[in-house]
Amino acid sequence: MKKLLCVFIPALLLLSTVSFSAFANYGEEADDGIPPESASGSFYNYDWSYDSETKTITFSDNGSPKLEPPVEIPDFSGYGEYESMEKTYEWNPEYPWFENPKYAVYAEKAVFDSSVKEIMNYHLRKFYNLTSLEMAPSVKTIGSDAFQYCRKLKDIEYNGTLEETWCNIFYGTAFQNDKSNWDGNYLYFGNALIIFDRGGTGTSSPFSVKDGTVTVADAACEFLGYDSLVLPDSVRFIGERAFLCSKFRNITLSSNLERIGEEAFCCCRYLEEITLPESLKHIENGAFSECVGLSVLKLPAGVEAIGTDESIVKSCYNIKAVEVDGNNKNFCSVNGVVFSRDKTEIVVYPEAKEDEYYEIPSGVKTVYPDFCNVKSLRGVSITNKVPRIANELSPIKRYFYMGT
C-alpha cells in the first residue's frame, strides 16, 4: 500500500489546484455561528472528548485493539467533483471527531495524555484553528499527515522521543512555516529530524545531522546530492524512504542504530559500501533495493527481523551473496542465501547469485524470495513437497522441478 501511494504522490500534486481547493475550507461551510457542544466517545483504542468551554479536544488510549486507518488509493476519474474526490481519497478517515466538522473550526487546543503511544495518520488534519498541542512523553509514533494544514498551530509541548514519524506531520502549519523553528535547512522536532530543505545546499561535503538526533523521519532527506552520509551515534531509527534516491557513495551509520526503515536507502545507486553496526535489530522491506553499486552486504549478529514483503537487496545486481555474522541467533547464510536460523525459511536470495540451478533444502517450509529477477537462474529443485510461497503472486513455481 505504501509503495502504491508513492506512485500517486506526483499525481496528487498535479491535481492539488483542483482537488484540495474544492475542500480548502473543510468545516467552515458548516459553521452557522453556533459552537459545537461538548461531546465524548470511543473509537477503537481511543477515548476522546471535546470541551466546548476550553475548546480543547483530548485523547487517551483505552487499551482496545489498535485501529489500522482506512486509506484508499485515489480513483481520479471523478476528481473534479468534491464528493467524488472525498469518497475516493480518504484524506480525513472516518474518525468520529470529523463527523461534526465544527470541531475543525472551533477546537483551539489538542491534548494527548500519558496513555497514548501512537497518533494516527490524518489524526487532526485541517483543524484550522488549532493553535496549541500537548503530547505526553509516552507518544512514540506520529502518523502521516497527522497535523497537516492545521494552519494556526504554533505552540507544541512535547518532551518525549519520537521513534517513528513522517516528514509531513506539520506541513502547512505555523510551526513549520516559522523559520525560527528551523536550524538552517533542518527542521527538528525534539530529537527527530523531520525534514531537510534541499534548496541551496552543496553536494561534495558529507551530509550529517546534529548530535543528539535520535530519529530521521520517513522521507525526511530524499534526493540528496551529497557524496557521503555521516550519522552521529545518537541516531537509533532511520525512517521509511529517509534517504531515497540520494547520491551517497559511502555511508557511516550510527553505532547505536536499531532500525533501518522500509526503502530507507532505495535507489542510492552510487552507494559502494556500507557497514551495518552491531546494534542493528530491524531491517525493513527494500531497505537497500536498487543500490546497484553495492557488491557486499553483511548482516551483524544483533539483527532480529528482516523485511520479507520485498527483498532488502531487491534489484541489487552486484550483490552475489548476503553474509550473516555467525553469532546471529535468528538468521544464517548458506552459500550467500539468507535463511532463518533453523533453516525452515529462505529469507533473502541475492539476485546477482550466478547459480543456474538452486536446490531448496528439504527442511524449508516457507520461501519469501520470488526469484523472478535472478537473471542466471534456470530452475529451482525441490526434493520434498513444495514449500509455502509467501508471496501468492510470485512466479517462482514456474522454476520448480522435482529431483536434484
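Only this structure's heavy atoms are used, side chains among them; waters, hydrogens and symmetry mates stay out.
Of the charged side-chain nitrogens involved, at least one lies within less than 4.0 Å of a carboxylate oxygen, so that E108 and K55 count as a salt-bridged pair. In this structure, R259 pairs ionically with E284, as a charged nitrogen and a carboxylate oxygen lie closer than 4.0 Å. Looking at K109 and E134, a side-chain N of the basic residue comes within less than 4.0 Å of a carboxylate O on the acidic one, giving a salt bridge.
In this structure, the side chain of N250 does not engage the main chain of L229 through any donor-acceptor pair within 3.5 Å. A donor-acceptor pair under 3.5 Å is formed between the side chain of N62 and the backbone N or O of Y44. Remark: the backbone N or O of S255 is paired with a side-chain donor or acceptor of S279 at under 3.5 angstrom. Distance alone, capped at 3.5 Å, is enough to place a donor-acceptor pair between the N177 side chain and the T173 backbone. In this structure, the side chain of S42 does not engage the main chain of D47 through any donor-acceptor pair within 3.5 Å. A side-chain donor-acceptor contact under 3.5 Å links S376 to the backbone of D355. Proximity of a side-chain donor or acceptor of S311 to a complementary backbone N or O of V313 within less than 3.5 Å is detected. Without hydrogens or angle criteria, R341 side chain to N328 main chain gives a donor-acceptor distance under 3.5 Å.
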* Steps toward salt bridge (charged side-chain N to carboxylate O under 4.0 Å, His left out) verdict (R269, E290) -> CA-CA 7 Å; R269 297 175 176 271; E290 299 188 50; 2.9 Å; yes
* Audit row: E263, R241, salt bridge (charged side-chain N to carboxylate O under 4.0 Å, His left out) steps and yes/no -> CA-CA 5 Å; E263 298 183 342; R241 295 170 45 210; 5.2 Å; no
* Walk me through it: do K353 and N335 pass the test side-chain contact (heavy atoms from CB on, under 4.5 Å)? => CA-CA 9 Å; K353 190 172 174 60; N335 297 323; 4.0 Å; yes
* To do: Any chance you could lay out the side-chain contact (heavy atoms from CB on, under 4.5 Å) test for L299 and V322, step after step, and finish with the verdict?
  => CA-CA 8 Å; L299 309 184; V322 177; 4.1 Å; yes
* **Intermediate values then yes/no, side-chain hydrogen bond (donor to acceptor under 3.5 Å, both in side chains), S315 and S289** => CA-CA 6 Å; S315 300; S289 59; over 6 Å; no
* Take D155 and L133, measure what side-chain contact (heavy atoms from CB on, under 4.5 Å) needs, and give me the verdict at the end. => CA-CA 6 Å; D155 298 322; L133 171 65; over 6 Å; no
* Verdict with reasoning, Y50 to T56, per side-chain contact (heavy atoms from CB on, under 4.5 Å) -> CA-CA 6 Å; Y50 175 75; T56 300; over 6 Å; no
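For the pair Y357/L377, no side-chain contact is recorded, criterion being any heavy-atom separation below 4.5 Å from C-beta on. You'll find the side chain of I260 reaches within 4.5 Å of the side chain of F288, heavy atoms only. Residues T344 and V364 fail the side-chain proximity criterion, which asks for heavy atoms closer than 4.5 Å.
Rounding to the nearest 0.5 Å gives a distance of 11.0 Å between CZ of R249 and OG of S228. If you take CD on E304 and NZ on K329, they are separated by 10.0 Å, rounding to the nearest 0.5 Å. If you take CD1 on I283 and CD1 on I312, they are separated by 4.5 Å, rounding to the nearest 0.5 Å. Taken to the nearest 0.5 Å, the CG atom of N181 stands 9.5 Å off from the CD atom of Q176. Taken to the nearest 0.5 Å, the CG atom of L224 stands 4.0 Å off from the OG atom of S246. How far CG of D51 is from OG of S40: 10.5 Å, rounded to the nearest 0.5 Å.
When F59, W48, F43 are each tested for a ring pair (Phe, Tyr, Trp, His ring centres under 6.0 Å) with H123, only one passes: F59. Tested against I142, the residues I194, N121, I119 include a single side-chain contact (heavy atoms from CB on, under 4.5 Å) partner, I119. No option in Y103, Y122, F127 other than F127 meets the ring pair (Phe, Tyr, Trp, His ring centres under 6.0 Å) test with F98.
Side-chain contact of S234 with T213: a donor-acceptor pair under 3.5 Å is absent, judged by distance alone. Side chains of N45 and S64: no donor on one and acceptor on the other come within 3.5 Å. There is a side-chain donor-acceptor pair under 3.5 Å between D145 and N168. Defined by atom type and a distance below 3.5 Å, a donor-acceptor pair is missing between the side-chain atoms of N256 and D233.
Taking the centre of each ring, Y158 and F189 come in below the 6.0 Å mark. You'll find the ring centres of F223 and F243 outside the 6.0 Å limit. Aromatic pair F339/F331: centroids not less than 6.0 angstrom apart.
Nearest heavy-atom pair, N318 versus L294, reported as atom, atom and distance to 0.1 Å: CB-O, 3.2 Å. Taking each heavy atom of G160 and N191 in turn, the nearest pair found is O-OD1, 3.8 Å. Taking each heavy atom of L162 and V139 in turn, the nearest pair found is CD2-O, 4.2 Å. Taking each heavy atom of D309 and N285 in turn, the nearest pair found is N-OD1, 3.0 Å. V216 approaches A242 most closely through the heavy-atom pair CG1-CB, 4.0 Å. Closest of all the heavy-atom pairs between A219 and E222 is CB-OE2, 3.6 Å.
Cation-pi check for K210 over Y188 is met; the charged atom lies under 6.0 angstrom from the ring centroid and within 45 degrees of its normal. Geometrically, K152 does not engage Y128 in a cation-pi contact, judged by NZ or CZ lying under 6.0 Å from the ring centre and within 45° of the ring axis.
Taking the salt bridge (Lys or Arg N to Asp or Glu O under 4.0 Å) definition, one finds that E278 meets it with nothing, sequence neighbours left out. Listed by chain and residue number, nothing satisfies the salt bridge (Lys or Arg N to Asp or Glu O under 4.0 Å) test with K154 (two or more places apart in sequence, or in another chain). Here E118 pairs with K66 under the side-chain hydrogen bond (donor to acceptor under 3.5 Å, both in side chains) rule; sequence neighbours left out.
When the shell of 6.0 Å around NZ of K140 is examined, it contains more than 12 heavy atoms from other residues, nucleotides or ligands.
Relative ring orientation between F170 and F147 is described as parallel, the plane-to-plane angle staying below 30° on a 0-90° scale split at 30° and 60°.
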